[in-house]
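Beneath this line is the structure, given in structure tokens, with notes to follow.
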Amino acid sequence: MLNVEPSSLQRATAQAPHLQEPKVVAKDVSVYYGEKRALFDVSVNIPDRGVMAFIGPSGCGKSTFLRCINRMNDTIPICRVTGKITIENEDIYDPSLDVVQLRARVGMVFQKPNPFPKSIYENVAYGPRIHGLSSSKAELDEIVQKSLERAALWKEVKDRLNDPGTGLSGGQQQRLCIARAVAVNPEVILMDEPCSALDPIATAKIEELIDELKQNFCIIIVTHSMQQAARVSQRTAFFHLGVIVEEGNTEEIFQNPTDKRTQDYITGRFG
Amino acid sequence: MTTDRKTLLSGFMPWRTSTPETTKATAAASNELTRAEPALRPKGDDMNEHIVKSYEDELALLDRKIAQMGGLAEHILAQSFDAIERRDPKLAEQVVKADKQIDQLEREIEEQVISMIARRQPLANDLRHVMAALRVTGDLERIGDLAKNIAKRALAIAHESHPKPLMTGMRHMGDLALAQLKEVLDAYAARNADRALAVWRSDEQIDSMYNSLFRELLTYMMEDPRSIGLSTHLLFGAKNIERVGDHTTNIAETVHFLVRGVNIADDRPKSDDTSSTLFSKS
């Protein structure tokens with residue numbers, strides 16, 4: 001019998017997500033708010049089935065860049081985006097692209113949990129319903145249950161699905177928002193400081209959840225907690241003054257960064 | 001944050017007053033503590049300070065304690081060589097006592113490192129800083145133990161006559177080990193990876209000296225079985241010095257890791273073949 005060993009390259013690729021075909025590719029992305037330039041020619045490859053963390057001081061452009069990926073910046077009239085962003089080789093700034101469809105492919109979770117003022121069930125069912133992902137009540141029920149399970153919230157809320165989502169605790173609300181995001185089966189999930197309003201236990205639950213979700217999704221997280229970036233991500237990009245100063249494997253960035261600005265920032269030395 | 005060891009040690013050298021009878025080696029070791037070092041701070045000079053001042057202070061304190069511990073280790077190592085050479089039981093007892101101070105410092109440094117990891121979650125160069133301190137303190141503690149061990153052998157052979165050529169060989173080996181230790185501690189204080197690398201490479205010399213001393217002692221024992229007791233003690237003493245060299249090499253590796261963020265890549269040349277040398281008369 002022929003025993004075929006996977007080649008060392010195959011093994012390396014399996015271990016290192018960044019060696020795979022990237023999910024999201026940004027090339028020379030610049031963002032202007034009116035006259036002011038917020039991002040300067042940002043280029044980065046974001047792997048699928050993994051977590052990429054964006055770190056950097058406030059106002060460095062990381063959230064601005066994050067919002068380019070689902071074209072949230074379109075909602076700001078004075079905002080102008082140049083350069084190219086592709087998801088699976090598809091240009092997301094192509095004029096023929098349906099932005100609503102794009103936002104179904106690219107889910108987003110915000111800093112403060114923002115459930116709709118509706119029932120827990122409705123919060124999760126809303127997306128699949130408007131995108132026509134289910135044909136029957138039973139099918140929708142299944143999507144809701146599966147999404148809540150994926151967000152590790154099902155056990156806590158299964159007996160009170162008709163209670164208002166706003167009545168949950170902060171951590172539960174954030175997981176509800178994550179359930180809402182995954183319900184439409186996105187490819188990419190953007191998280192903008194998803195834990196900054198949560199206590200350590202709720203934070204740990206979200207981080208555990210991120211670990212689970214990265215098996216199936218491309219996750220991009222903006223965080224101000226170095227430790228969180230170090231814990232949850234495989235790749236980290238350090239933004240400063242609108243450019244990516246350094247981008248690489250998370251372990252490298254936090255153990256032995258090559259750029260002095262990265263080192264100063266993550267060790268708390270920024271002047 | 002990093003400075004030469006002279007500055008680190010200023011105002012803290014209690015052992016210097018307690019040892020009036022210093023010989024050449026101890027005097028040399030003590031002089032090193034006060035000798036002016038060129039300020040070599042390749043990475044340190046352009047390093048910004050932490051926003052949190054107390055964090056900066058804690059890292060500096062860690063370096064001061066390592067310098068203090070290193071100075072003590074050097075000092076008692078030199079004393080232990082003197083004790084063997086001069087057959088001085090009093091000096092040997094001093095070494096045994098001083099080793100307790102080293103152990104105490106190791107505990108303090110360990111506690112501080114654990115506390116800093118728990119409270120500050122150091123990253124990047126800070127993480128390497130505290131991890132290096134932890135590793136260096138472990139090696140220095142072992143060196144202190146080895147010095148104590150040598151001193152204990154000095155006690156055991158205090159009443160035997162020492163053949164001069166053997167003592168000269170021991171002394172040379174000891175002086176070399178001491179010089180290496182001193183150099184690596186300076187490299188640590190100055191954050192100089194090149195100097196650490198040079199120390200790391202030259203451990204081979206100690207190994208080959210141990211090698212020849214080993215053969216010499218074997219010959220001596222074969223020629224005169226009455227010398228077996230003394231020779232065995234000297235052999236173990238020499239082995240202890242060789243082990244000091246190994247811990248010095250460990251520290252050199254740590255300094256390299258601390259400064260460059262990567263481990264030393266190439267294989268170290270080895271000259272110790274005593275583990276495969278057979279006892280034969282041919």
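Reminder, nothing fancy here: chain letters follow the sequence lines and each chain counts from 1.
Residues of residues 203-225 of chain A having a heavy atom under 4.5 Å from any heavy atom of chain B: none.
For A:T262 (side chain) and A:T258 (main-chain N/O), no donor-acceptor pair under 3.5 Å exists by modelled atom type. Not one N or O on the side chain of A:E187 forms a donor-acceptor pair closer than 3.5 Å with the backbone of A:V106. Between the A:E252 side chain and the A:N249 main chain, no donor and acceptor come within less than 3.5 Å of each other.
Under the 3.5 Å distance criterion, with hydrogens and angles disregarded, a donor-acceptor pair is assigned to the side chains of A:N256 and B:R128. Looking at A:S30 and A:R37, their side chains do bring a donor and an acceptor atom within 3.5 Å of each other.
Of the residues B:V136, B:D57, B:V113, B:T137, the one that meets the side-chain contact (heavy atoms from CB on, under 4.5 Å) test with B:L62 is B:V113.
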